[in-house]
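Once you've had a glance at the structure underneath, I'll fire off some questions.
All ligand and atom numbering here is 1-based and tracks the order in the structure.
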Amino acid sequence: MLTDYHLHLRPDGHDADVAEYHTPANVERYRAAADERGIAELGVSEHVYRFVQALEVWRHPFWETYAHDDLDEYCAFVREQTDLRLGIEADFVPGAEDRIANLLQARDFDYVVGSVHFMRDGAVDMDDYSVWDSSRARSAGEVWTRYFQAIGDAARSGLFDIAAHPDLVKYWGDARRTPDGDLRRYYEPAVEGIAEAGIAVELSTAGLRKPAGELYPARAFLEMCVDAGVPVALSSDAHRPEDVGADYERALEALDAVGVRELCVFEGRERRLEPIGATGASELPAGSSDAAAR
Ligand SMILES: [Zn+2]
Ligand SMILES: [Zn+2]
């Protein structure tokens with residue numbers, strides 16, 4: 001089986017309205033793209049901060065700009081009008097664990113994708129509120145150290161099923177600073193937290209579409225996860241139908257190279273493993289189909 005669990009049904013602009021994007025016709029476009037690429041299992045994981053209920057968790061000005069929609073209407077739409085698994089991409093907000101838990105436990109999600117986009121008030125992957133601003137200038141090493149500690153803390157919080165894009169801090173690639181040398185020293189606390197918590201790590205092709213130009217996470221991070229017995233959830237983080245399963249041949253090569261043969265499948269926040277393999281795939285190159293079949 002192939003999965004794509006980290007999907008958004010609309011672009012990130014705050015004017016992208018549910019009336020236009022949360023429709024069966026739009027979901028059909030995602031499903032059609034998945035079918036072409038042999039991806040049987042699809043789930044949607046809208047950003048928690050698009051929903052007014054998120055303001056009970058955190059009142060960052062970015063969240064206040066985006067929180068327009070009703071979370072329960074989203075859940076009802078996915079359950080009643082689509083055949084998608086119901087997920088959500090929830091940010092880890094240190095100190096707000098109880099409020100996040102209340103929001104998540106009140107709904108019947110199939111899985112929760114846990115993300116760290118912000119460190120305190122600074123975003124690692126946006127120009128707005130950027131943690132990289134000179135006014136907040138810190139060494140790259142300090143930002144990376146704090147980032148991967150936050151990933152470990154997020155995992156240990158027990159709030160999430162999947163650690164999303166776990167080295168998002170590299171988002172800007174060479175356009176921002178990257179620490180020198182072997183990066184595994186930064187990854188360690190994150191991988192430890194993910195392994196201890198027993199959650200899955202996401203392999204996301206989104207980094208290939210960003211300045212970083214790499215899969216999330218880097219090969220060394222993925223290897224450390226595999227060595228620690230962490231299972232993998234495969235996703236594209238698509239925000240439009242054409243990106244569903246984008247660059248999966250690259251992801252399947254990476255998984256094959258580190259010896260991963262199974263992917264996580266989620267239902268009702270229970271996880272099982274399924275052998276990797278495209279369903280009636282027409283678009284995957286021969287090499288990765290072979291890899292998937294092994
Ligand atoms: Zn994200
Ligand atoms: Zn996302």
Tell me whether the Zn ion (ligand 1) has H6 as a neighbour, meaning an N, O or S atom of it below 2.8 Å.
no
Atom name, E89 (N, O or S, nearest to the Zn ion (ligand 2))
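Result for E89 and the Zn ion (ligand 2): OE1.
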Kindly give the atom name of the N, O or S atom of D237 closest to the Zn ion (ligand 2).
OD1
Is the number of heavy atoms from other residues, nucleotides or ligands under 6.0 Å of E242 CD greater than 12?
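Yes, CD of E242 has more than 12 neighbouring heavy atoms, counting only those of other groups under 6.0 Å.
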Enumerate donor-acceptor pairs with a distance under 3.5 Å from any side-chain N or O in residues 17-25 to protein atoms, sequence neighbours excluded.
unit_1 : atom_1 : unit_2 : atom_2 : d
D17    : OD2    : A19    : N      : 2.9
H22    : NE2    : E46    : OE2    : 3.2
T23    : OG1    : N26    : N      : 3.1

Between F148 and Y186, is the ring centre distance below 6.0 Å?
no
Do Y129 and H60 have ring centroids that are under 6.0 Å from one another?
yes
F118/W58 aromatic ring centres below 6.0 Å
yes
Please state the angle at the Zn ion (ligand 1) spanned by NE2 of H117 and NE2 of H165: what is it, rounded to 10 degrees?
100°
Under 2.8 Å from the Zn ion (ligand 2) - does any N, O or S atom of H8 fall there?
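Yes, since at least one N, O or S atom of H8 sits under 2.8 Å from the Zn ion (ligand 2).
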